[in-house]
Amino acid sequence: MSLDRLQSCFERCKAESRAALVGYLTAGDPNPATSEKLLHVLAKSADIIEIGMPFSDPMADGPSIQAASERSLAAGTKMHDVFHLCLSVRKARPEAGIVLMGYANVAYAMGYEHFAEQAALAGADGVLIVDIPPEESGDFDAALKAHALHSIRLVAPTSSVQRRELAAKTASGFIYYVSLTGITGAEMGAVSDIRTQVDSLHNQSGLPICVGFGIKTVEQARSVAAFADGVVIGSHFVSCIAEHAGNESAMLAALDKTCAAMRAAMGNGSKP
Amino acid sequence: MNKDFRMYDMEIRHAPDAGGHFDRFGGKYAAETLMGPLAELEAAFYASWEDESFQAERLRLLQQYVGRPTPLYHAEHLSRAIGGAQIILKREDLTHTGAHKINNTIGQGLLAQRMGKKRVIAETGAGQHGVATATVAAMFDMQCDVYMGREDMRRQAPNVFRMELLGARVIPVDCGSGTLKDALNEALRDWVASCETTFYIIGTVAGPHPYPLMVRQYHAVIGQEARAQCLEQFGRLPDVAMACVGGGSNAMGLLHPLRDDDIRLVAVEAAGHGLDGDEHAASMLAGRPGILHGNLTYLLEDAEGQIKGTHSISAGLDYPGVGPELAAMYEAGRLELDSATDDQALEAFSRLAHTEGILPALESSHALAAAMRMAADMSPDEMILVNLSGRGDKDLDTVMQVFGKDAKAAAGGAA
Ligand SMILES: Cc1ncc(COP(=O)(O)O)c(C=O)c1O
């Protein structure tokens, strides 16, 4: 039952006294075939896999993930490839959490209902659309709910108390706390500030809190894993693809290594 | 209020719903980080709109700095040459900086001041909005960064230099197609990171709520003046009102104040090399509803919702979307659509130069081309009001490339 799979992921990690590793890659980057191998490598280490749906105009993303979308679309990736990749990961990792992440127009163009149906068939557990805030999410959330998919919400440093409450009320699965005021891949904010925010979110909502945007080093990941339920790594993983462009085996090896390092930083057995 | 300001209507008519929706269009499809700053902006906008001293200062600047009211000019020679309806031009080309864009930047610039922001950013296509933003930033002593597509910097080089002379920094945008939509993406990325200190001056009636409403209100002076001037100069209202549409700010500025009158309203989209191919920017004629840049509206996109590249000879119309209120007016049957190709716009450019001694912006030339075509089938006692949204000086490079350096051929070829 997919509604519970994300919850079990967090429970499993909690039982192991560690934070969940939430790893992001853009589907189809650098092409659908290599992307499948990369996602499988990611899925070895990550507890929750975020599969980015490429979009021509990724307004909330920095250069690294923008380039990933561009590479993916240039390689001809379509939504049926995205769903195929998702299903492939699902088959390899029946117990992993899988979240589809992207921009509104891709889902809108399919029709929210058809999109949700396909996402559920592909084995996704939840969906996070960057530019559908709670105010615009009525129809979209209804479609997700009809297919037992979680609607993941973002909370940002600029979110007011009322907006945090709104997110807590309308989110399911987990809350994604954006660790910086800015786009993906920028510099992470001060850990102490993030901790204060995550602590207060924990008081507001029973949902797990994952922290992401800008976490690039093992040290940063470790410091955030000490208090968050999950740590999201995106641009840093994606950068393995650009760094080893044209050399698939080097790309896979680099991703494997960095994923394992980040997984180790989740604080195995050390989380209070 | 000063009696010179009596032609301006301060009522907000045809407001969107509380979430910024015009029927099913518009809204606030923005990243969570921006939702707080957008709410703050909305509150500041409404408070300033009710504040008489803010409005008096805005109107004073529009009058003394921008040069409003702009004239309404009966293009008699052009009309006679066509032999149909009378063509009346609203001369936004005569504003300070040479395009309607400054009506909006004065408003948003004052609002930025009121909100205590020390830095403004903008996106620009033709460079007119960038110049208008750099202009108010200079006047109000605010730091100014303008995002502009690499391709647009090339074809609107004089405007890049103008912005720099005014003290702004022009930041080239290489991602995507290097045109207006990409500049907007980059400006949004900047704003997501800088929203606490920076005011984002969007240049058209697009973006998340409250931008479409706010920009429309700042440009409504165009139509309000034109309406009063028509009654005064001709004793009647026009039969048709027309404007070109990039994002739709000059169109909403002219058409919004006329929408409750019995006047046909026409928006003219850029047909580029023709509507049958992909090389155009006609988002309502050839697109479908989708979500981009914070609002739901008509977009040029492929079957998967990926935004398509666009083409227009005029950088200011080279945008794959349109303001959500125009989309709503179109669906409600209150707005008619027409289009003009690159060639038709160039021909209209030459024709106006030749018959009236006015060099229009290539954007405005699209509206003019459609108006000339329509006028030919109408009677001489009918009237078409056209928004001449800007002057053509910025386009001389482009026009020179097309016609060669032989200006006589340009004028003669079209006559
Ligand atoms: C003179 C002129 N007219 C029209 C436009 C198109 O914009 P809008 O549709 O918002 O009026 C521009 C944009 O740069 C412009 O410079």
Side-chain angles (χ1 to χ4, degrees), chain A residues 53-63 66-67 69-70 73 77-82 102-111 115 129-140 153-160 162-164 166-167 176-178 180-187 213, chain B residues 17-21 24 26-40 173-177 181-198 207-209 288-297 299-309 320-321:
Chain A
M53 303 180 280
F55 182 49
S56 53
D57 294 76
M59 290 149 282
D61 285 301
Q66 280 175 49
S69 254
E70 276 179 31
L73 292 173
T77 306
K78 301 277 188 257
M79 279 309 287
H80 69 79
D81 299 304
V82 174
Y103 291 85
N105 202 44
V106 170
Y108 187 83
M110 283 184 75
F115 170 82
I129 300 291
V130 179
D131 52 349
I132 302 188
E135 284 83 345
E136 303 289 355
S137 72
D139 293 347
F140 187 64
R153 291 240 176 276
L154 296 162
V155 168
T158 54
S159 304
S160 61
Q162 293 94 310
R163 294 201 60 78
R164 283 159 202 247
L166 185 63
Y176 187 142
Y177 180 70
V178 176
L180 54 86
T181 304
I183 53 178
T184 57
E187 285 311 308
F213 276 43
Chain B
D17 74 11
H21 302 97
R24 66 177 172 136
K28 263 191 198 182
Y29 292 86
E32 175 61 28
T33 306
L34 292 180
M35 294 302 283
L38 286 169
E40 191 194 343
V173 176
D174 285 312
C175 61
S177 51
K181 86 170 166 79
D182 310 291
L184 220 151
N185 288 336
E186 276 303 287
L188 278 170
R189 289 181 188 119
D190 181 314
W191 201 42
V192 167
S194 64
C195 48
E196 272 146 25
T197 57
T198 297
H209 180 64
R288 61 185 172 126
I291 298 165
L292 180 71
H293 294 151
N295 67 91
L296 202 160
T297 188
L299 298 175
L300 291 169
E301 57 174 49
D302 70 12
E304 297 252 309
Q306 307 296 343
I307 306 305
K308 279 190 190 169

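Reminder, nothing fancy here: chain letters follow the sequence lines and each chain counts from 1. Computed from a predicted model, the values in this text were never measured in an experiment.
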Under the criterion side chain to side chain contact (heavy atoms under 4.5 Å, CB included), which of A/Thr158, A/Val130, A/Ile183 is the partner of B/Thr33? A/Thr158
Per-residue tally against chain B (heavy atom, under 4.5 Å) across A/Arg153, A/Gln162, A/Glu70 peaks at A/Glu70
A/Ser160 side chain near B/Met35 side chain, heavy-atom distance below 4.5 Å: no
Any donor and acceptor pair, going by atom type alone, linking the side chain of A/Asn105 with main-chain N or O of B/Gly290 inside 3.5 Å?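 No; zero donor-acceptor contacts below 3.5 Å.
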Mark yes or no for whether B/Arg189, through its side chain, and A/Ala60, through its backbone, hold a donor-acceptor pair below 3.5 Å.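 Not confirmed, B/Arg189 side chain does not pair with A/Ala60 backbone.
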A/Pro54 and B/Gln306: which non-hydrogen atoms are nearest, and at how many Å? O-NE2, 3.1 Å
Please report the closest heavy-atom contact between B/Tyr29 and A/Ile132, naming both atoms and the distance. CD2-CG1, 4.4 Å
Sequence-distant partners of B/Asp302, side chain to side chain donor-acceptor pair (under 3.5 Å), two or more places apart: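 Checked B/Asp302 against side chain to side chain donor-acceptor pair (under 3.5 Å); zero matches.
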Those residues that, when tested against B/Asp174, pass side chain to side chain donor-acceptor pair (under 3.5 Å) (two or more places apart): B/Arg150
Given heavy-atom pairs under 4.5 angstrom as the criterion, report whether the side chain, backbone, both or neither of [X] touches chain B.
| X | value |
| --- | --- |
| A/Met110 | neither |
| A/Thr181 | both |
| A/Leu73 | side chain |
| A/Pro58 | both |

How many angstroms lie between [atom1] in [X] and [atom2] in [Y], if you round to the nearest 0.5 Å?
| X | Y | atom1 | atom2 | value |
| --- | --- | --- | --- | --- |
| A/Tyr108 | B/Leu299 | OH | CG | 9.5 Å |
| A/Glu136 | B/Ile291 | CD | CD1 | 8.0 Å |
| A/Ser56 | B/Lys308 | OG | NZ | 11.5 Å |
| A/Asp57 | B/Ser177 | CG | OG | 8.0 Å |

Whether A/Arg163 and B/Glu32 form a salt bridge (side-chain N of Lys/Arg under 4.0 Å from carboxylate O of Asp/Glu) is what I want to check. yes
Heavy-atom proximity to chain A below 4.5 Å, by part of [X]:
| X | result |
| --- | --- |
| B/His21 | side chain |
| B/Ala30 | backbone |
| B/Leu296 | side chain |
| B/Ala39 | neither |

Options B/Pro208, B/Gly19, B/Pro289, ranked by heavy-atom pairs under 4.5 Å with chain A, top entry: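 Counting heavy-atom pairs under 4.5 Å, the top option is B/Pro289.
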Selection from B/Leu292, B/Ile307, B/Leu188 maximising heavy-atom pairs under 4.5 Å formed with chain A: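 That would be B/Ile307.
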Between A/His80 and B/Glu304, a side-chain donor and acceptor under 3.5 Å: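 Per modelled atom types, A/His80 and B/Glu304 side chains form no pair under 3.5 Å.
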